[in-house]
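Encoded as structure tokens, here's the structure I'll be asking about.
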Amino acid sequence: MKRIYMDHAATTSTDVEVVEAMKPYFTQKYGNPNSIHSFGQEAREAVEEAREKIARLIGANPSEIVFTAGGTEADNYAIKGIAWANQKKGNHIITSQIEHHAVLHSCQFLEKHGFKVTYLKVDKYGLIDPEDVKKAITGQTILVTIMHANNEIGTIEPIKEIGKIVKEAGIYFHTDSVQTTGHIPIEVNDLGVDMLSISGHKLYGPKGVGALYLRKGTKIVNLIDGGAQEKNRRAGTENVTGMVGLGKAVELAEKRLAGGEVDKVVKLRDKLITGIMDQIENVRLNGHSTRRLPGNANICFEFIEGESMLLNLDMKGVAASSGSACTSGSLEPSHVLLAIGLPPEIAHGSLRLTLGKDNTEEDIDYVLDILPKIIEKLRALSPFTGSWDGLKKNSVEEK
Amino acid sequence: MKRIYMDHAATTSTDVEVVEAMKPYFTQKYGNPNSIHSFGQEAREAVEEAREKIARLIGANPSEIVFTAGGTEADNYAIKGIAWANQKKGNHIITSQIEHHAVLHSCQFLEKHGFKVTYLKVDKYGLIDPEDVKKAITGQTILVTIMHANNEIGTIEPIKEIGKIVKEAGIYFHTDSVQTTGHIPIEVNDLGVDMLSISGHKLYGPKGVGALYLRKGTKIVNLIDGGAQEKNRRAGTENVTGMVGLGKAVELAEKRLAGGEVDKVVKLRDKLITGIMDQIENVRLNGHSTRRLPGNANICFEFIEGESMLLNLDMKGVAASSGSACTSGSLEPSHVLLAIGLPPEIAHGSLRLTLGKDNTEEDIDYVLDILPKIIEKLRALSPFTGSWDGLKKNSVEEK
Amino acid sequence: MSIYSEKVMEHFQNPRNVGEIKDADGIGEVGNPICGDIMKIYIKVKDDKIVDCKFKTFGCGAAIATSSMVTEMVKGKNIDEALKISNKAVAEALGGLPAIKMHCSNLAADGLSKAIEDYKQKIKIKK
Amino acid sequence: MSIYSEKVMEHFQNPRNVGEIKDADGIGEVGNPICGDIMKIYIKVKDDKIVDCKFKTFGCGAAIATSSMVTEMVKGKNIDEALKISNKAVAEALGGLPAIKMHCSNLAADGLSKAIEDYKQKIKIKK
Ligand SMILES: Cc1ncc(COP(=O)(O)O)c(C=O)c1O
Ligand SMILES: Cc1ncc(COP(=O)(O)O)c(C=O)c1O
């Protein structure tokens with residue numbers, strides 16, 4: 001069976017060229033970069049080369065790049081690290097309701113330790129109003145952390161505008177760029193951020209490696225203590241293959257960005273969205289129509305539930321995801337979909353199709369062919385099809 | 001030139017079989033294990049298989065294995081996690097002076113947050129006296145963390161004896177097993193530990209992956225917050241290739257352990273140590289003669305400094321390490337060598353040769369051939385050769 | 001490879017007894033829009049025996065498969081036997097469910113019980 | 001590949017002017033056993049000119065190479081010129097040193113200065 005991967009926001013395949021670049025560092029140049037001997041020094045060279053590539057992509061200095069084990073660690077490091085290091089200055093953090101759990105749960109950890117967190121609301125497109133950031137800043141605020149683009153609905157936030165406000169207030173500014181780095185152009189000085197989180201496996205690099213851009217002079221406490229690696233900022237023997245892989249992935253992404261890859265993906269995405277909206281009734285596009293990630297299509301299909309769509313798509317060879325609770329192990333549907341104002345029963349019917357560099361026009365045609373049938377089949381099973389009137393909101397039981 | 005790797009305590013090559021096992025998960029089965037579609041589920045299956053292999057090696061239940069990004073993260077997680085989760089019970093932690101920096105610096109982080117830490121002394125062999133652990137326990141003690149074997153001098157600690165004492169006191173017991181897992185037999189119930197840190201790249205697995213054994217019922221707070229991965233114990237998209245690699249490495253280690261690999265390495269190590277002691281004067285073996293890691297030889301050569309030995313060995317193709325300050329970026333020589341009572345000028349002259357599964361009798365012969373000449377050459381440069389009398393302890397300047 | 005057993009997937013793909021019974025003798029509704037699972041079970045009873053059973057379900061794979069399974073299990077049973085069918089029994093009949101699905105999405109037997117209660121209530125009123 | 005430049009490695013492998021000068025006119029010792037670098041510089045002076053210079057060093061690659069380099073740089077220089085040789089100049093002559101080596105192991109010029117001071121002291125006493 002044909003297999004079509006449309007879940008690139010969840011993870012991407014590791015590019016074949018990336019794997020090739022990593023290979024020698026498994027079995028030949030396998031030294032510890034901290035070792036003085038040639039095995040160590042050849043690994044060291046590779047790590048520093050990778051660091052330079054990342055720095056170049058985002059307009060930073062190589063010494064401002066700290067490797068981590070992924071986007072989640074980068075977020076934890078930035079948020080907890082700034083909090084611990086600057087608690088004498090203040091105990092207030094500003095973030096948004098639609099951040100990734102890596103950010104939200106880091107904030108919640110800090111709330112248990114005496115910090116106060118403001119979770120900013122978003123509008124129906126998932127956009128944060130920079131003015132809200134301004135209003136939320138107090139004399140106690142030490143950090144603002146707002147994601148560059150949302151992983152579920154794809155909305156790209158006005159980071160540059162927020163950056164100006166935060167800079168004026170003399171506060172640290174972090175952005176979770178896991179969904180944007182390598183996919184849209186990024187320049188840390190243009191965005192005005194002090195910290196920026198990157199994850200390898202979202203841009204055709206390996207899983208288990210990421211980076212935090214850390215502006216020179218930023219006062220931060222380590223998340224992971226131990227050896228003197230990463231200039232004393234992140235302990236642990238360097239994941240050399242991972243770093244080399246991330247470096248290569250970034251290099252390839254830079255080329256794609258320069259080569260107009262974004263336009264190609266946007267065109268496919270728009271064809272997909274339009275095709276669905278044209279063919280199927282009672283659907284809603286989540287997120288913003290233009291301020292969105294190139295590959296992201298997120299649509300709610302009323303009267304049915306997300307997981308059942310995913311299973312049907314999977315049986316037809318299409319990999320997708322949903323903001324339905326059932327796919328996450330939690331009970332509630334996606335906090336992002338609730339934050340943009342969707343009622344739970346509609347949030348459960350979301351389908352996220354995220355396109356990548358290897359998706360083709362044929363892939364889109366295929367999905368546009370099978371999806372209407374799947375929706376029809378599931379709606380035939382639904383007690384609500386045609387209207388939500390059957391939903392006895394007050395009589396249904398909690399379990 | 002012949003290249004001989006004798007720095008296996010720093011890192012090992014990734015076994016060719018391990019790399020083969022990882023490969024499909026880069027470019028084919030690249031799904032996110034949390035995704036419901038087949039790409040995700042085939043990755044999930046691989047991750048759980050790897051978990052089972054690790055559990056089997058150490059006599060644990062698969063649900064008690066939490067993957068991390070390495071030994072350092074496992075140590076940080078265990079120590080900080082227990083501290084934060086149990087601070088209402090007490091604020092005292094017991095460890096030793098010779099722990100890895102991943103442990104020591106985690107403890108120092110906690111000291112800044114109101115915890116008290118006892119750093120137990122060791123004897124001249126680097127051994128901890130279980131009675132000292134007993135004496136150090138107070139009503140406030142919540143955690144004892146003692147390494148299974150020391151990474152520099154190879155001394156294997158009496159974990160089982162300590163485990164009994166700690167268990168009797170009803171306190172959590174963690175051991176850093178980074179240097180022992182896969183190299184000597186380990187059984188968590190026999191050792192009596194609640195937590196045990198593992199690192200992939202010390203046992204022919206990939207770098208950037210490790211695991212923490214976490215006994216069922218252990219009350220711990222996460223180090224890395226975010227998604228619900230690892231049963232809510234360690235957030236971040238799973239490093240599938242890393243986990244698969246660690247699983248395979250553990251599987252191969254289990255076979256080697258069963259096949260008497262340890263004896264082979266011990267024989268080579270003893271030949272190396274004896275050969276050096278017989279040929280060169282003014283040398284001292286660091287660590288214990290028998291209670292030591294199979295592959296570890298750590299010897300001080302008086303009157304000369306470690307880095308200069310390493311450079312000379314490297315020029316002859318031999319990769320080794322030293323406890324000299326010059327190799328670590330810090331100013332002081334190894335805290336381990338100081339803790340076993342060596343004066344700094346002697347600690348600086350340490351050479352660590354750590355053997356691995358692929359070292360041969362010829363490798364040993366080669367080192368025994370070139371090392372005496374190197375020592376002789378360097379001693380000819382030394383102002384102290386023959387005696388330390390020239391060392392004007394009081395007149396030398398601090399810089 | 002799937003998060004579900006083959007049996008679950010089989011029922012999910014080919015759910016039995018989908019639909020409503022217009023002149024049902026009892027209707028049971030369980031679930032919760034927050035959790036994302038709502039099941040409606042319709043029964044037709046004759047001489048204390050369940051002669052027909054249909055369902056409509058809004059929910060995940062487990063919700064749909066358990067609904068389908070319970071309608072199969074109940075047919076031909078008398079009311080007392082039917083009331084003994086537990087959610088656990090339905091899950092077992094499907095070859096098990098993933099742990100996270102055991103609570104929220106495994107309610108079909110409860111739905112059936114509710115339908116039977118509804119039937120009993122109606123009978124009472126008639127009498 | 002090495003942590004050091006080629007020039008450093010060349011001096012490290014083939015250090016110039018190793019040894020002691022038995023009847024030295026000045027001896028300078030710098031360093032610290034904690035840091036693991038101790039250098040002894042011996043000079044022979046004739047008409048205010050340094051005519052010979054030797055060293056003995058306990059230390060890392062940088063310590064040995066800088067010692068060797070300074071003995072080369074100083075030969076034939078008069079005392080005032082020799083005093084102007086800085087640690088930084090020695091490092092530069094070697095094509096640079098790794099950052100972590102700039103402090104602890106780059107003391108050879110200080111050792112030379114000390115040897116010159118020692119010589120001046122001795123002269124004074126003689127006078
Ligand atoms: C005893 C010990 N603990 C912890 C570590 C840290 O492990 P990793 O390098 O995987 O973070 C090491 C090795 O570096 C070690 O030898
Ligand atoms: C916006 C965002 N932040 C953080 C993460 C976490 O990154 P990682 O999975 O590399 O830990 C993800 C993806 O999972 C993400 O989409």
Side-chain angles (χ1 to χ4, degrees), chain A residues 3 5 7 10-14 16 19 23 26-27 30-32 34-40 69-73 75-76 100-102 105-106 108-109 199 201 206-209 222-228 235-242 307 310-311 313-314 319-321 327-330, chain B residues 3 5 7 10-14 16 19 23 26-27 30-32 34-40 69-73 75-76 100-102 105-106 108-109 199 201 206-209 222-228 235-242 307 310-311 313-314 319-321 327-330:
Chain A
R3 286 178 93 193
Y5 191 76
D7 201 9
T11 194
T12 59
S13 67
T14 310
V16 176
V19 180
K23 261 192 198 160
F26 283 116
T27 53
Y30 55 80
N32 184 322
N34 308 297
S35 297
I36 205 169
H37 47 64
S38 60
F39 290 88
T72 298
E73 187 193 318
D75 286 343
N76 274 255
H100 191 269
H101 282 139
H105 292 169
S106 290
Q108 282 160 19
F109 169 86
S199 177
H201 70 99
K207 294 176 178 63
V209 66
N222 288 351
L223 180 70
I224 300 186
D225 291 304
T237 301
E238 290 87 343
N239 177 0
V240 178
T241 51
E307 189 197 275
L310 301 190
L311 291 172
L313 283 166
D314 191 40
S321 86
T327 65
S328 66
S330 85
Chain B
R3 285 178 94 193
Y5 191 76
D7 201 9
T11 194
T12 59
S13 67
T14 309
V16 175
V19 180
K23 261 190 198 161
F26 283 116
T27 53
Y30 55 80
N32 184 321
N34 308 296
S35 298
I36 205 169
H37 47 65
S38 61
F39 289 88
T72 297
E73 187 193 320
D75 286 343
N76 275 255
H100 191 269
H101 283 138
H105 292 169
S106 290
Q108 282 160 20
F109 169 85
S199 176
H201 70 99
K207 294 177 178 63
V209 65
N222 288 351
L223 180 70
I224 300 185
D225 291 304
T237 301
E238 291 88 343
N239 176 0
V240 178
T241 51
E307 188 197 277
L310 300 190
L311 290 172
L313 283 166
D314 191 41
S321 86
T327 65
S328 66
S330 85

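In what follows, every chain begins at residue 1, and chains take the letters A, B, ... in the order their sequences are listed. Only heavy atoms go into these numbers, but all of them, side chains included; no hydrogens, no water, no symmetry mates. Note that the structure is predicted; figures quoted are calculated from it, not measured.
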Side chain from CB out, backbone as N, CA, C, O: work out which of these in B:L223 comes under 4.5 Å of a heavy atom of chain A, or both, or neither.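 Contact with chain A involves both backbone and side-chain atoms of B:L223.
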Top contributor to chain B interface from A:L311, A:N222, A:T12 [non-hydrogen pairs under 4.5 Å]: A:T12
Heavy-atom pairs under 4.5 Å with chain A, option from B:V209, B:D7, B:V16, B:L313 with the top count: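 The option with the most such pairs is B:D7.
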For each of A:H105, A:H100, A:E238, tally heavy-atom pairs with chain B at distances under 4.5 Å, and name the one with the top tally. A:H105
Please check if the side chain of B:K207 supplies one atom and the backbone of A:F26 the other of a donor-acceptor pair under 3.5 Å. no
Side-chain heavy atoms of B:I36 within contact of A:D314, under 4.5 Å: no
Which atoms form the tightest heavy-atom contact between A:R3 and B:F39, and what is the distance?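 Taking every non-hydrogen atom into account, NH2-N, 3.5 Å.
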Among B:A102, B:G208, B:S13, residue most engaged with chain A (heavy-atom pairs, under 4.5 Å): B:S13
Between chain A and each of B:N32, B:N239, B:T241, B:D225, count heavy-atom pairs under 4.5 Å; write down the option with the most. B:D225
Non-hydrogen atoms of chain A under 4.5 Å away: do they reach the side chain of B:Q108, the backbone, both or neither? neither
What part of A:V240 lies closer than 4.5 angstrom to a heavy atom of chain B: side chain, backbone, both or neither? both
Which bit of B:S35 is near chain A, if near means a heavy-atom gap under 4.5 Å: side chain, backbone, both or neither?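 For B:S35, side-chain heavy atoms alone lie under 4.5 Å from chain A.
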Partner residues of B:T72 under the side-chain hydrogen bond (donor to acceptor under 3.5 Å, both in side chains) criterion, sequence neighbours left out: none
Atom of B:G226, atom of B:A235 and distance for their closest heavy-atom approach: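 Taking every non-hydrogen atom into account, N-CB, 3.2 Å.
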Applying side-chain hydrogen bond (donor to acceptor under 3.5 Å, both in side chains), name anything that partners A:T237, two or more places apart in sequence or on another chain.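 Scan of A:T237 (side-chain hydrogen bond (donor to acceptor under 3.5 Å, both in side chains), adjacent residues dropped) gives B:H201.
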Taking the side chain as every heavy atom from C-beta outward, state whether B:I224 and A:F109 have any atom pair closer than 4.5 Å. no
Find the one option among B:G40, B:G227, B:G31, B:S199 whose heavy-atom pairs under 4.5 Å with chain A are most numerous. B:G31
